[in-house]
Number of protein chains: 2
Amino acid sequence: MRDLLVALRERGIQPTAQRLAVAQFVLEAKSHPTADEVWEKVRKRSPTLSRATVYNTLNLFVEKGLLRTQLVREGALVFDPYVARHHHFIDDETGEIYDVPWEAVKVSGEKSLRGYEVRDYQVVMRGKRRAP
Amino acid sequence: MRDLLVALRERGIQPTAQRLAVAQFVLEAKSHPTADEVWEKVRKRSPTLSRATVYNTLNLFVEKGLLRTQLVREGALVFDPYVARHHHFIDDETGEIYDVPWEAVKVSGEKSLRGYEVRDYQVVMRGKRRAP
DNA sequence: GTTCGTGCAAACGGTTTGCAACAAT
DNA sequence: ATTGTTGCAAACCGTTTGCACGAAC
């Protein structure tokens with residue numbers, strides 16, 4: 001609660017009720033919701049919240065580095081509160097997206113690619129989730 | 001031309017004029033066009049071609065393994081005639097998508113990820129293209 | 001009293017669907 | 001005659017935009 005306020009202020013985001021509600025949901029979401037999913041969820045607590053505000057807010061958060069978007073779901077962007085580098089695993093059956101820690105997978109050779117100057121990369125894996 | 005016909009037949013796709021036109025464009029495209037881009041390009045040669053037919057055709061081609069889709073562009077799927085495993089590089093400035101051969105980049109550790117059974121993966125890189 | 005944020009509806013862009021006309025077997 | 005293919009328009013879904021109202025410095 002208090003830390004959310006601080007987190008927004010730290011990034012120069014004026015903390016309004018709507019933004020706090022969105023932040024509360026999306027920053028501690030372990031899932032990777034789309035904007036519409038955020039809207040539907042947060043609307044239950046704040047019924048006056050408009051779709052436009054959710055989109056505006058999410059875009060603002062991305063701009064300010066609080067979230068990043070991922071292009072791993074068809075048809076929609078998903079928002080990820082895990083802004084540090086990491087990889088993704090997508091469950092074939094459910095479409096669920098999981099974060100994979102950066103150190104869990106190693107990539108090599110990307111620095112010596114002729115013709116490309118790689119600034120950033122990620123591994124996108126697909127398969128079946130199984131009990132750990 | 002002849003080989004296109006064969007390629008379609010081999011995969012059980014009835015080769016119509018529209019499908020051949022789409023196949024001709026998309027199978028030898030070095031770019032990664034969206035469905036709408038395919039429509040616009042192919043329409044110049046076959047002006048009667050409808051949007052729905054292009055979408056139907058592309059989906060059919062994907063289903064039959066002639067193309068694969070890639071989720072690397074915002075707002076739209078792109079179609080890739082390179083169906084073998086490979087990686088992607090996306091130019092930050094232009095948004096252009098380049099294919100990176102499978103052997104150019106090596107990934108390790110994905111087999112020993114606890115909790116995930118990785119069936120497939122790819123590395124998506126972003127950065128600046130430079131003269132090779 | 002301006003500036004900034006919100007809400008609503010309309011617009012938009014990519015894609016799918018329903019359906020009637022039309023081949024092709 | 002049945003089946004598969006096409007074209008058109010409408011519908012759909014995710015997202016953005018225009019604009020008027022309202023809140024906050």
Side-chain angles (χ1 to χ4, degrees), chain A residues 4-5 8-9 11-23 25-26 31-64 66-80 95 97, chain B residues 4-5 8-9 11-23 25-26 31-64 66-80 95 97:
Chain A
L4 279 179
L5 236 159
L8 296 198
R9 286 232 172 86
R11 292 201 156 69
I13 302 171
Q14 194 154 317
T16 68
Q18 291 87 335
R19 288 176 180 173
L20 281 168
V22 169
F25 175 71
V26 84
S31 65
H32 293 70
T34 64
D36 262 51
E37 284 163 3
V38 174
W39 183 52
E40 289 192 1
K41 290 283 168 50
V42 181
R43 200 160 46 128
K44 286 180 182 160
R45 318 227 150 223
S46 322
T48 78
L49 182 70
S50 79
R51 213 200 279 261
T53 297
V54 171
Y55 277 89
N56 285 341
T57 300
L58 291 173
N59 287 340
L60 179 65
F61 286 2
V62 169
E63 201 179 297
K64 300 297 190 182
L66 223 52
L67 296 175
R68 57 155 61 185
T69 55
Q70 294 293 159
L71 253 183
V72 284
R73 190 128 126 201
E74 279 195 32
L77 282 178
V78 302
F79 293 86
D80 193 342
I97 301 156
Chain B
L4 280 179
L5 236 160
L8 297 197
R9 287 232 171 84
R11 292 199 155 72
I13 301 170
Q14 194 155 317
T16 68
Q18 290 88 334
R19 290 176 180 173
L20 281 169
V22 170
F25 175 71
V26 85
S31 65
H32 293 71
T34 64
D36 261 53
E37 284 163 3
V38 173
W39 182 52
E40 288 193 359
K41 290 286 168 47
V42 180
R43 200 158 49 127
K44 288 181 180 158
R45 316 226 151 223
S46 321
T48 79
L49 182 69
S50 79
R51 213 201 279 259
T53 297
V54 171
Y55 276 89
N56 286 339
T57 300
L58 291 173
N59 287 340
L60 179 66
F61 285 1
V62 169
E63 199 179 299
K64 300 296 191 181
L66 222 53
L67 297 175
R68 57 157 57 186
T69 55
Q70 294 293 162
L71 252 183
V72 285
R73 192 129 122 198
E74 276 194 35
L77 281 177
V78 302
F79 292 87
D80 192 343
I97 300 156

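Small disclaimer: the values here were computed from a predicted structure and weren't measured. In what follows, every chain begins at residue 1, and chains take the letters A, B, ... in the order their sequences are listed.
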field: Between P of D/dT15 and CZ of A/R73, the distance in whole Å
entry: 10 Å

query: Do A/R19 side-chain atoms and A/Q14 backbone N/O form a donor-acceptor pair below 3.5 Å?
result: yes

B/T69 side chain near B/F79 side chain, heavy-atom distance below 4.5 Å: yes

task: Could you check which of C/dT15, C/dT6, D/dT5 has an atom nearest any side-chain atom of A/Q18?
output: C/dT6

field: Note, A/L8 side chain near A/F61 side chain (heavy atom, < 4.5 Å)
entry: yes

- prompt: Tell me: CG of B/L20 to P of D/dT5, nearest whole Å?
  reply: 13 Å

- request: With a 4.0 Å heavy-atom cut-off, tell me which residues in residues 38-51 of chain B come close to DNA chain C, sorted by residue number.
  value: B/R51

query: Rounded to the nearest Å, what distance is computed from the CZ atom of residue B/R9 to the C1' atom of nucleotide C/dT25?
result: 13 Å

- request: Only one of B/V26, B/N59, B/V78 passes side-chain contact (heavy atoms from CB on, under 4.5 Å) with B/L67; say which it is.
  value: B/V26

- line: Taking every heavy atom of B/L49 against every heavy atom of B/V22, the minimum-distance pair comes out as CD2-CG2, 4.4 Å

Nearest-angstrom distance from the residue atom CG of B/L77 to C1' of C/dG14: 9 Å

query: Does a nitrogen or oxygen in the side chain of A/T16 sit under 4.0 Å from OP1 or OP2 of C/dT6?
result: yes

- prompt: The side chain of A/R19 lies closest to which of these nucleotides: C/dG5, D/dT5, D/dG7?
  reply: C/dG5

- prompt: Looking only at heavy atoms, which two atoms of A/K64 and A/G12 are closest? And how far apart?
  reply: CE-O, 4.3 Å

- line: Out of C/dG14, C/dT16, C/dG7, minimum distance to the side chain of B/N59 belongs to C/dT16

statement: Among the nucleotides D/dT15, C/dG14, D/dT6, whichever has the atom closest to the side chain of B/T53 is D/dT6

Heavy-atom side-chain proximity of A/T57 to A/V38 below 4.5 angstrom: no

task: Could you list the residues that satisfy side chain to side chain donor-acceptor pair (under 3.5 Å) with B/D80, not counting sequence neighbours?
output: B/H32, B/H86, B/H88

Between P of C/dG14 and CG of B/L71, the distance in whole Å: 15 Å

- line: In whole angstroms, the gap separating C1' of C/dC4 from CD of A/E63 amounts to 14 Å

message: Using a 4.0 Å heavy-atom cut-off to protein, can you give one letter per nucleotide of nucleotides 17-25 of chain D, 5' to 3': B if the base is in contact, S if only the sugar-phosphate is, - if neither?
response: B--------

message: Contact between A/L66 and A/R11 at the side-chain level, heavy atoms closer than 4.5 Å - yes or no?
response: yes

